[in-house]
Asks: 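Here it is, the structure in full.
Starting from 1, each residue takes its place in the sequence as its number.
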Amino acid sequence: AAALALAGCEAAPPTKPAADVPQGWRETAITASSLAERPWGELFRAEELDALIREALAANSDLRIAAERVELARAQFGIQRSALFPDLSGQFGVDRQRFPAGGAEENVVSESALLGLALSPWEIDLRGRVRAATESARRQLLSSEEVRLGAQASIVAQVASLYVRLLTSDEQLLIARETAVTRRESLRLIDARFRGGVASKLEVQDATSLVAQAEQSIAELERLRTRSENALSVLVGRNPGAIRRERSLREFALPDQLPAGVPSDLLLRRPDLRAAEQSLAAQDANVDAARKAFFPVISLTGIVGFASPALRDLFDSGRYAWQVSPAVTIPIFNAGRLQSNLEGAQASQRIAVEQYKLVVRVAFKEVDDALADYRRLGEQRPALAVSVGANRERLRLSQLRYRGGVAAYFEVLDSSRQLFDSLLQHEQALGAQ
C-alpha cells in the first residue's frame, strides 16, 4: 500500500514546448535593461496622465471583472482542494416506529437514537487522481491571476494611448484653425481683387474651396477628439465627457532608442505568456487525472458516536459505537466514457501547446513591431519637418508669383494643400512615436 501511494503521488512530467527565442531584435540592439522594467509612473512623467491611469486601475470595469475572475478561480480551487480531506459532519437521529408483531392485534413500538460524527464517502487518493485535479485548479488560478496582471498592463497602455491621441488631436486642431484663419484672409484679398477686376471668378471659387476644406478638417478632427475623450472617460470609469489636459504633445521627451532588453526575458516578464504557460500546466494535470481515473477508487465511510435503542438511554455507559465501511470501485464497463474523457483532455492539452507557441510568437512580433515603428517614426519626423519647411516656402513663393502675375492661383492652391497635409502628418508621426 505504501509503494502504491508513492507511485500515485508521481504526476506526469509537465509539457513545456521549447520556445523559438530570437537571438536579437531586428531594429535595435540588445540592452542590459528593458523599458518594461520601469514603473509606468516613471515612464510617462505626466501628473494628469498618472491620475487618469490610477483612476482607471481603480474603477475600470474590465479590470474589476478580471479581478473577480481571479476570485472565482480561487473559489473553484478551494472546492477542488477540499476533496483531498475527509468530509465530517455531525449526525443526530431518532427513529421511532410501530408495526405488527406475531398477531394482527399485537403491535410493537420500537425506538432507536444515534449521535455522532459521520464521515461522508471519502476517496483515498492513492493514485493521485484528486491531487492532479487539484493541481489543475491551482494552475487555472495562477493563469487567471496572470490574465488580471495582463489586463492591468493593457489598461495602462490604453489610457496612455488615448491620452496621447487627444494631445495629437489638439495639435492638429490648432494647425487646422490657423490654416482656416490664413485661408479666410486669402479669400478676402482675392475677393477684393475680383471686385477690382484683377482676379477671376474661378480664383475666388478656388479660395472658397480651400476655406471649406479647412473647416471640414476642423469638424472631422473635433469629431475624432470627442470620440477619444468619450472612450477615455469610459476607460477610467466615468460617463462620457471632457478630459482635462494641460500638457502639449511636444512636452514629452522621446529617447533616440528604446531599451528592449534580452528577448528571452520576455518569456518571464509578459503576463500573457505566463498565463499561457499556467494554462498549459493545467491541461497537463487534467490529462494526468484522466489517466488515473482508469484505476480502482478506494473510498471510506464511517461513523463514531453513541447509539441506543431508546433516546433516554443514549448517554448511558456502554453506548459508544462506531462503524467503518471501506469500499473499492473498479471501472469495468462505461461505454468508453473514461477513454473519451482522456482523449478530450489530451486534445485540450495539444490545443494549449499550440496556443502557448502562438502567444510566444505574437509577443516577439509585437515587441519587434513596436521597436521598428518607434525607430522608423523617428526617422520620418525629420523628413516630415523638412517637407513642412519646403512646403511653407513653396506657398510663400507661389503667393508672390501669383501677386506678381507670373503664376496662376492653382499653384497657390496646390501649395496650400500640401503644406496643410504635411503639417498634420508631422503631428501624427510625433503622436504615434
Asks: With sequence neighbours left out, what residues match Arg74 under salt bridge (charged side-chain N to carboxylate O under 4.0 Å, His left out)?
Replies: Glu71
Asks: So Gln80 and Gln76, side chain to side chain donor-acceptor pair (under 3.5 Å) or not? Walk me through it.
Replies: CA-CA 6 Å; Gln80 180 60 52; Gln76 291 171 339; over 6 Å; no
Asks: Does the side-chain contact (heavy atoms from CB on, under 4.5 Å) test come out yes or no for Phe410 and Leu202, once each step is laid out?
Replies: CA-CA 10 Å; Phe410 177 78; Leu202 179 61; over 6 Å; no
Asks: So for atom CZ, which belongs to Arg417, do other residues, nucleotides or ligands contribute more than 12 heavy atoms lying within a distance under 6.0 Å?
Replies: yes
Asks: Would Ser154 and Gln158 satisfy side chain to side chain donor-acceptor pair (under 3.5 Å), going step by step from the backbone distance to the final call?
Replies: CA-CA 6 Å; Ser154 178; Gln158 290 179 55; 2.9 Å; yes
Asks: Is it the case that more than 12 heavy atoms not belonging to Glu47 sit under 6.0 Å from its CD atom?
Replies: no
Asks: According to side chain to side chain donor-acceptor pair (under 3.5 Å), who are the partners of Arg188, at least two apart in sequence or on a separate chain?
Replies: Glu185
Asks: Surrounding CD of Gln23 (heavy atoms of other residues, nucleotides or ligands, distance under 6.0 Å), is the total greater than 12?
Replies: no
Asks: Can you list every pair that meets salt bridge (charged side-chain N to carboxylate O under 4.0 Å, His left out) and has a residue in residues 357-371, with sequence neighbours left out?
Replies: Arg270-Glu366, Glu354-Lys357, Lys365-Asp369
Asks: Please enumerate all residues that pass salt bridge (charged side-chain N to carboxylate O under 4.0 Å, His left out) together with Asp87, with sequence neighbours excluded.
Replies: none
Asks: Do Gln433 and Arg381 get their side chains close enough for a donor-acceptor pair, meaning under 3.5 Å?
Replies: yes
Asks: Is it true that Gln216 and Glu220 share a donor-acceptor pair across their side chains at a distance under 3.5 Å?
Replies: no
Asks: Drop me the distance from Ile155's CD1 to Leu235's CG, to the nearest 0.5 angstrom.
Replies: 4.5 Å
Asks: Is it true that a side-chain atom of Ser228 and a backbone atom of Leu224 form a donor plus acceptor pair closer than 3.5 Å?
Replies: yes
Asks: In terms of side-chain geometry, is the basic nitrogen of Arg274 or Glu277 positioned less than 4.0 Å from the acidic oxygen of its partner?
Replies: no
Asks: Side-chain contact, heavy-atom cut-off 4.5 Å: Leu254 with Leu430?
Replies: yes
Asks: Check this for me: does any side-chain nitrogen of one of Glu48 and Arg245 sit under 4.0 Å from a carboxylate oxygen of the other?
Replies: no
Asks: Let me see the working for Phe420 and Thr182 under side-chain contact (heavy atoms from CB on, under 4.5 Å), right down to the final yes or no.
Replies: CA-CA 11 Å; Phe420 183 57; Thr182 302; over 6 Å; no
Asks: Looking at CD1 of Ile190 and NZ of Lys201, how far apart are the two atoms once the value is rounded to the nearest 0.5 Å?
Replies: 12.0 Å
Asks: Report yes or no: is the cationic atom of Arg247 (NZ for Lys, CZ for Arg) under 6.0 Å from the centre of the six-membered ring of Tyr163, at an angle within 45° of the ring normal?
Replies: no
Asks: Are the side chains of Leu52 and Arg238 in touch, meaning some heavy atoms are under 4.5 Å apart?
Replies: yes
Asks: Name all residues meeting the salt bridge (charged side-chain N to carboxylate O under 4.0 Å, His left out) criterion together with Arg392; count only those two or more places apart in sequence or in a different chain, and write none if there are none.
Replies: none
Asks: Considering only heavy atoms from C-beta outward, does the side chain of Val328 approach that of Val297 to under 4.5 Å?
Replies: no
Asks: Given the ring of Phe77, does Arg138 sit roughly above its face, with NZ or CZ under 6.0 Å from the centre of the six-membered ring and within 45° of the axis?
Replies: no
Asks: Taking only residues at least two apart or on different chains, which pairs with a member in residues 418-432 satisfy side-chain hydrogen bond (donor to acceptor under 3.5 Å, both in side chains)?
Replies: Gln172-Gln428, Arg250-Glu427, Asn391-Ser422, Arg394-Gln418, Asp414-Gln418
Asks: In terms of side-chain heavy atoms, does Asn286 have a donor or acceptor partner in Gln349 at a distance below 3.5 Å?
Replies: no
Asks: Identify whether the distance between the nearest side-chain nitrogen and carboxylate oxygen of Glu123 and Arg129 falls below 4.0 Å.
Replies: yes
Asks: Between Arg139 and Ser279, do the side chains contain a donor N or O and an acceptor N or O under 3.5 Å apart?
Replies: no
Asks: Do Val367 and Trp25 have side-chain heavy atoms sitting under 4.5 Å apart?
Replies: yes
Asks: Verify, without hydrogens or angle tests, whether Ser143 (side chain) and Ala275 (backbone) share a donor-acceptor contact under 3.5 angstrom.
Replies: yes
Asks: Without swapping roles, check the side chain of Asp62 against the backbone of Ala151 for a donor-acceptor pair under 3.5 Å.
Replies: no
Asks: Could you go through Ser61 and Arg64, starting from their C-alpha distance and side-chain angles, then the distance that decides it, and tell me whether this counts as side-chain contact (heavy atoms from CB on, under 4.5 Å)?
Replies: CA-CA 5 Å; Ser61 294; Arg64 287 184 172 181; 5.5 Å; no
Asks: I need the Tyr402 OH to Arg193 CZ distance, nearest 0.5 Å.
Replies: 4.5 Å
Asks: Say whether Ser325 and Thr301, considering side chains only, have a donor N or O and an acceptor N or O under 3.5 Å apart.
Replies: no
Asks: Distance from Arg227 atom CZ to Leu232 atom CG, nearest 0.5 Å?
Replies: 14.0 Å
Asks: Answer yes when Glu215 and Arg177 have at least one side-chain N-carboxylate O distance shorter than 4.0 Å, and no when they do not.
Replies: no
Asks: Between Gly24 and Ile30, which heavy-atom pair has the shortest distance, and what is it?
Replies: CA-CD1, 3.8 Å
Asks: Would you say that Val164 contacts Leu249 through its side chain, given a criterion of any heavy-atom pair below 4.5 Å between the two side chains?
Replies: yes
Asks: Return yes if some donor-acceptor pair links the side-chain N/O of Arg225 with the main-chain N/O of Asp170 below 3.5 Å, else return no.
Replies: no
Asks: I need the minimum non-hydrogen distance between Leu423 and Val388, along with the two atoms involved.
Replies: CD2-CG1, 3.4 Å
Asks: Any donor-acceptor pair under 3.5 Å linking the side-chain atoms of Ser415 with those of Glu411?
Replies: no
Asks: What do the steps show when you test Arg375 against Thr28 for side chain to side chain donor-acceptor pair (under 3.5 Å), and what is the final call?
Replies: CA-CA 8 Å; Arg375 179 179 177 183; Thr28 188; over 6 Å; no
Asks: Looking at CG of Leu119 and OG of Ser299, how far apart are the two atoms once the value is rounded to the nearest 0.5 Å?
Replies: 9.5 Å
Asks: How many angstroms lie between CZ in Arg184 and OG1 in Thr179, if you round to the nearest 0.5 Å?
Replies: 10.5 Å
Asks: In terms of heavy-atom contacts, does CZ of Arg269 have more than 12 from other residues, nucleotides or ligands at under 6.0 Å?
Replies: yes
Asks: Report the C-alpha separation of Ile303 and Trp322 in whole Å, then their side-chain angles, then the decisive distance to 0.1 Å, and conclude whether the side-chain contact (heavy atoms from CB on, under 4.5 Å) test is met.
Replies: CA-CA 5 Å; Ile303 188 170; Trp322 56 267; over 6 Å; no
